[in-house]
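These numbers come from the heavy atoms of this one structure, side chains and all, not from hydrogens, waters or symmetry mates. Quick note: residue numbers are just sequence positions, from 1.
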Amino acid sequence: MSKEAKLELDGKVYPLPTVEGSEGEKAVDISSLRANTGYITLDDGYGNTGSCVSKVTFIDGDKGILRYRGIPIEELAEKSNFIETGYLIIYGKLPNRAQLKRFSDLLTDNQFLHEDMKFHFEGFPMGAHPMAILSAMINAASCFDERLMRWKWGETRDFDVYVARLISQVRTIAAYSYRKSRGLPLIYPKKAYKYTANFLHMLFSTPYEDFELKPEVVKALDLIFLLHADHEQNCSTSTVRMVASSQANLFASCAAGVCALWGPLHGGANQAVIEMLEEIHREGDDGSKFIAAAKDKNSGRKLMGFGHRVYKNYDPRAKIIKKACDDVLSKLHINDPLLDIAKHLEAAVLKDPYFIERKLYPNVDFYSGIIMRALGIPVEMFTVIFAIGRMPGWIANYKEIMEEPKGRIYRPRQIYTGRTLNHYAPLAGRK
Ligand code: ACO
């Protein structure tokens, strides 16, 4: 029998049921609180609020554990690849050979954008940020399928096709958005290439010459996609769930996720980390000045790539990426001064009482930018790479919302602190 919490308010005691997750996570279920007491809970930034129950991803932030559908991220990083892991996240279990083949075939069949979408790309100015183009074009892509516009969850088996289309086309859109932002001709995907190789081909090949696909480069980028594939109820995934709860279509819901991801406190941090490291390098500082500024609340600065709402320990993805970073740079014979600065910064921060007391460790974004730089990926594409990787997680969360039997729209409440009732004053009499 589950435990019961008791809340005493205005001289009355209200019993509240508790819920326990499969990994022992505990929650007080307050869904009847307002109806029974007239009170709501207030939790600025949702730090103590469970917005849903979910079967997709488990994180223990104190122990630094991350598992997709129960499988540790370390095992997946070593033994799986992005597409197999994406299938696991969306469908709940690892695919067998036939399922994986069908998924791969669907990805290949759906990789081309509608030709008319080219005109939309042309509408963006040179230099437009690829994240703006990405979110707009994911939404636009849905308009090119009449059936998707009318599609209702559970009516047909089309979901598999839409999943494959979104995962496959986000990569094509991402590559086109980069090429558009640089004024370069668009490169079509090739049937022979696997997912990540095809993305690099569309990004870097020219009409005259195919990009040389070095296996270590393809592998490193695939690992980055895999490590970003889901991360439970973060800002962008919660946004996707919020939009999906209104029964917006899959493409619209995930386009909203792209917008939420863009900010520098979330997915945009990977770009911000490189800009920070470049600034430190330019100024000839070893990072000490920047650390001092990050500790000063009046400076408006933060140490980008450090800290996490959930991890109060080393982000397990950061550990994997740090190692991959060393491997890739040594295999490609790249000596990047920013890597040295990053390592120095990390070592200094891990000894600094300010960061120790607040349990601020490097997060996934701290080293991912250095790898992407080494792979030749331009800095404005870093967050786009994150968005491509996060697509399976957003889709899995969309699916959970659609499968939710009650299907209630997400609609939080607030405590109003504005002016109480006052009345319209004619313009002539206003001060
Ligand atoms: N540099 C300096 N101080 C920091 C940092 C940082 N990077 N992160 C948190 N702190 C401080 C806060 O100022 C606060 O100090 P206080 O207790 O004296 O007021 C304390 O640490 C606790 O931080 P919170 O603000 O409660 O952390 P929150 O959970 O709200 O924010 C976040 C988490 C947004 C990730 C924050 O740590 C941050 O801004 N980090 C830098 C940006 C970043 O790397 N974002 C990527 C996150 S991972 C991802 O989205 C993939």
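- No side-chain donor from either of T18 and D29 sits under 3.5 Å from a side-chain acceptor of the other.
- Residues S168 and R171 have side chains that bring a donor and an acceptor to within less than 3.5 angstrom of each other.
- With hydrogens and angles disregarded, a donor-acceptor distance shorter than 3.5 Å links the side chain of S299 to the backbone of A293.
- In summary, the aromatic rings of F366 and F306 are positioned with their centroids under 6.0 Å apart.
- The local environment of CD in E209 is sparse, with at most 12 non-hydrogen atoms from other residues, nucleotides or ligands closer than 6.0 Å.
- Annotation: H266, atom NE2; neighbour count of heavy atoms from other residues, nucleotides and ligands within 6.0 Å is above 12.
- A salt bridge does not link D60 with R67: none of the charged nitrogens is closer than 4.0 Å to a carboxylate oxygen.
- Ring geometry for H231 versus Y311: interplanar angle of 30 to 60°, hence tilted.
- By the 30° and 60° cut-offs, the orientation of the rings of F204 relative to F211 is tilted.
- The closest donor-acceptor contact from the side chain of N270 to the backbone of D365 lies at 3.5 Å or more, if one exists at all.
- Of the possible donor and acceptor atoms, one in the side chain of S177 sits under 3.5 Å from a partner among the backbone N and O of A174.
- The cationic atom of R390 (NZ for Lys, CZ for Arg) does not lie both less than 6.0 Å from the six-membered ring centre of F386 and within 45° of the ring axis.
- Using cut-offs of 30° and 60° on the angle between ring planes, the pair F159 and Y398 is parallel.
- One side chain, S288 or D286, offers a donor N or O that lies under 3.5 Å from an acceptor on the other.
- Looking only at distances, a side-chain donor or acceptor of S54 sits under 3.5 Å from a matching main-chain atom of V56.
- A donor-acceptor pair is defined here as one N or O able to donate and one able to accept, closer than 3.5 Å; such a pair exists between the side chain of N249 and the backbone of A252.
- Remark: the backbone N or O of G86 is not paired with any side-chain donor or acceptor of Y68 at under 3.5 angstrom.
- The distance between the ring centers of F82 and H228 does not fall below 6.0 angstrom.
- Between atom OG1 of residue T57 and atom CD1 of residue I89 there is a gap of 5.5 Å, rounded to the nearest 0.5 Å.
- With N110 contributing its side chain and A164 its backbone, the two residues share no donor-acceptor pair below 3.5 Å.
- Ring to ring, Y314 and H308 are not that close: their centroids are 6.0 angstrom or more apart.
- At a cut-off of 3.5 Å, with distance as the only test, no side-chain donor of T237 or Q233 sits close to an acceptor on the other residue.
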